[in-house]
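These notes are about the structure you will find just below.
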Amino acid sequence: MSTPLYRLKAEFFKTLGHPVRIRVLELLSEREHAVSEMLNEVGVEAAHLSQQLAVLRRAGLVTARREGSAVHYTLADPGVAELLRVARTILTGVLSGQAELLADLRATGGSGDAAPDAHDDNDGPDDHRPGRPGTP
């Protein structure tokens, strides 16, 4: 029995679920990079970058070629760059909506839209429950 497509997609997105891997894919969306170039851009230890590149290689998202002592990486499929662009568009829309909501909240100053107070309406000076100030 073959693996359902939704499970394969979930595994694919798990592979993308690491900030270093996303940053590497963003860099490779621009052009081929040597590992040494990516080290400066990504800001992690060489061993950690190597580990993340290996995950991306095993997933078939990047390819490597050796040139002397340097290893250069490129995207295996230009669709990866497109996926990152789509993700950016979606996030821009989501964050824009959140920014609009925040602006609306700030504009109202929190008045009128706040949740009702947990106390009942009988907390004023006419509240004559036992134990309250002013209770006879």
Quiz item: By salt bridge (charged side-chain N to carboxylate O under 4.0 Å, His left out), which residues pair with Arg66, not counting sequence neighbours?
Solution: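 Per chain and number, Arg66 pairs via salt bridge (charged side-chain N to carboxylate O under 4.0 Å, His left out) with no residue.
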
Quiz item: Is it the case that one hydrophobic cluster holds both Val55 and Val42, taking links as side-chain heavy atoms less than 4.5 Å apart, direct or via other members?
Solution: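 They do not share one cluster, since no chain of ILVMFWY contacts under 4.5 Å joins Val55 to Val42.
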
ring-ring contact (aromatic ring centres under 6.0 Å, His included): which pairs involve [range], sequence neighbours left out?
range	answer
residues 50-76	none
residues 49-69	none
residues 14-70	His18-His48

Would you please name every residue forming a side-chain contact (heavy atoms from CB on, under 4.5 Å) with [X], sequence neighbours left out?
X	result
Thr63	Thr74, Ala76
Ser50	none
Leu16	Phe12, Phe13, Ile22, Leu25, Leu61, Leu83
Pro78	none

Quiz item: Under 6.0 Å from the CZ atom of Arg65, do we count more than 12 heavy atoms belonging to anything else shown?
Solution: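 Counting neighbours around CZ of Arg65, more than 12 heavy atoms of other residues, nucleotides or ligands fall under 6.0 Å, so yes.
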
Quiz item: With sequence neighbours left out, what residues match Gln51 under side-chain hydrogen bond (donor to acceptor under 3.5 Å, both in side chains)?
Solution: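 Residues passing side-chain hydrogen bond (donor to acceptor under 3.5 Å, both in side chains) with Gln51: none at all.
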
Show which side-chain atoms of residues 86-105 pair as donor or acceptor with protein atoms under 3.5 Å away, not counting sequence neighbours.
from, atom 1, to, atom 2, distance (Å)
Thr89, OG1, Arg85, O, 3.1
Thr92, OG1, Arg88, O, 2.7

Quiz prompt | Glu11 side-chain N/O to Leu8 backbone N/O, donor-acceptor pair under 3.5 Å | solution =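 No.
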
Quiz prompt | Where at least one partner belongs to residues 40-59, residue pairs that pass salt bridge (charged side-chain N to carboxylate O under 4.0 Å, His left out), sequence neighbours excluded | solution =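 Applying salt bridge (charged side-chain N to carboxylate O under 4.0 Å, His left out) to every pair that reaches into residues 40-59, excluding sequence neighbours, yields Arg23-Glu41.
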
Exercise. Might you point out which heavy atoms bring Ser29 and Leu84 nearest each other, and give the distance in Å?
Key: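 Closest approach of Ser29 to Leu84: OG-CD1, 3.5 Å.
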
Exercise. Measure the shortest side-chain to side-chain distance between Arg31 and Glu37 over non-hydrogen atoms and say whether it is less than 4.5 angstrom.
Key: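 In contact.
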
Quiz item: Does the side chain of Gln52 come within less than 4.5 Å of Val24's, by heavy atoms?
Solution: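 Side-chain contact under 4.5 Å: no.
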
Quiz item: Does the pair Met38 and Leu53 meet the rule for a side chain to side chain contact (heavy atoms under 4.5 Å, CB included), with working shown?
Solution: CA-CA 10 Å; Met38 286 189 281; Leu53 286 166; 4.0 Å; yes

